[in-house]
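As structure tokens, the structure follows; a few thoughts come after it.
Within every chain, numbering begins at 1; the chains are lettered A, B, ... in the order of the sequence lines, protein sequences first and strands thereafter.
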Protein chains: 2
Amino acid sequence: MPRCYCALLRKATRRVTSVYDDALQPIGLNLAQFSLLRHIARDEPISMTELGRKIELERSTVSRNVKVLEGMGLAATGSGKDQREAIVELTENGHRILVDGAPLWQAAQDKIEARLGTDASAQLEDLLLAL
Amino acid sequence: MPRCYCALLRKATRRVTSVYDDALQPIGLNLAQFSLLRHIARDEPISMTELGRKIELERSTVSRNVKVLEGMGLAATGSGKDQREAIVELTENGHRILVDGAPLWQAAQDKIEARLGTDASAQLEDLLLAL
DNA sequence: GCATGATGTGTGTATATACACGCAATTGCC
DNA sequence: GGCAATTGCGTGTATATACACACATCATGC
């Protein structure tokens, strides 16, 4: 029986996520939260739907994850001209924690790259983007 | 800013998981459940801790996921000689659904392999195992 | 035999994720 | 202008996942 790509991916994701989560512990965020924060920063202010489209996450998932950041005081939500839209942007603390977290994230990134080697890391990136 | 390996992995995992989940829909299981069922089948009867060790999942996560399978009538739990251990094995229906699901799983597997090509698929497998 | 430390479990809590529903606002068509 | 279809959202529900705790059982040293 050949290996299941999906099971392999899921296991690798668990492992790698824990490396990043550990690295980000000093700022009290996990990788998913840090990543979401970065995406918001890149396009703020942005609506939930648009954010979900960019990061390929279910809209309701985005809403809930944003709510966690909001509870931490890192993001703030409101509504735009279109009263249906819920838009989110970062607070000052949100921006600051991105700066503080950058070197922590980089350390995790380096750790993974060291684990695979430079060439293999680039290969992995290509393959994941092709999926 | 280089790409985050972890975010890439997580996104790819979401995408791929949904391919397998869709494929397995006829048997009413998702990939995580199907995969867990297969692992149990390979080593049954097996304790939660041992199962978690093999698939690199938190023990308590294994317990809860097994409970779902148990609720579906696909697995049964009990305790071994060591009264602390909770052991699990498949029911008849559990074994049957593995057979029914095999071609569905294979179809998803083929779809992913087609998406990447044979060589890249093998590469991906190697890289994921190296993580 | 018994106290102690080690081991195995389940539960509580929190986040990540998806899907189905129902509600509110906007847009389009006459 | 008004009604229907579209769009955007939050909530309910369910699973996957991890970590911290508390409890039960086993193994060991004496």
With sequence neighbours excluded, residues passing side-chain contact (heavy atoms from CB on, under 4.5 Å) with A/S121: A/E113, A/L116, B/Y5
For B/G101 against B/I27, the heavy-atom pair lying closest together: CA-CD1, 3.7 Å
Main-chain N/O of B/E85 paired to B/S79 side chain as donor or acceptor, under 3.5 Å: no
Side-chain donor or acceptor of B/Q109 paired with backbone N/O of A/R3 under 3.5 Å: yes
Flag, side chain of A/R59 to backbone of A/T49, donor-acceptor distance under 3.5 Å: no
Touch class at under 4.0 angstrom, heavy-atom based, for B/R64 against every strand present: base
Comparing A/R53 and B/E56 on DNA chain D - which has the more 5′ nearest nucleotide: A/R53
Touch class at under 4.0 angstrom, heavy-atom based, for B/N30 against every strand present: sugar-phosphate
Side-chain heavy atoms of A/L128 within contact of A/L131, under 4.5 Å: yes
Position toward the 5' end of DNA chain D (nearest nucleotide), A/S18 or A/M48: A/M48
First-last contacting nucleotides on DNA chain C - partner chain A, under 4.0 angstrom, heavy atom: C/dT15 to C/dT26
Toward the 5' end of DNA chain C, by each residue's nearest nucleotide, B/E85 or A/T61: B/E85
Sugar-phosphate only, base, or nothing, as touched by B/S47 at under 4.0 Å among non-hydrogen atoms: sugar-phosphate
Rounded distance in Å - CD (A/E70) to P (D/dC9): 14 Å
Gap separating the CD atom of B/Q33 from the CG atom of B/L31, nearest 0.5 angstrom: 9.5 Å
Pairs under 3.5 angstrom, nitrogen or oxygen only, protein versus nucleotides 20-25 of chain D, please.
residue: D/dT25; atom: O2; partner: B/R84; partner atom: NH1; Å: 3.1

Between B/D110 and B/Q106, a side-chain donor and acceptor under 3.5 Å: yes
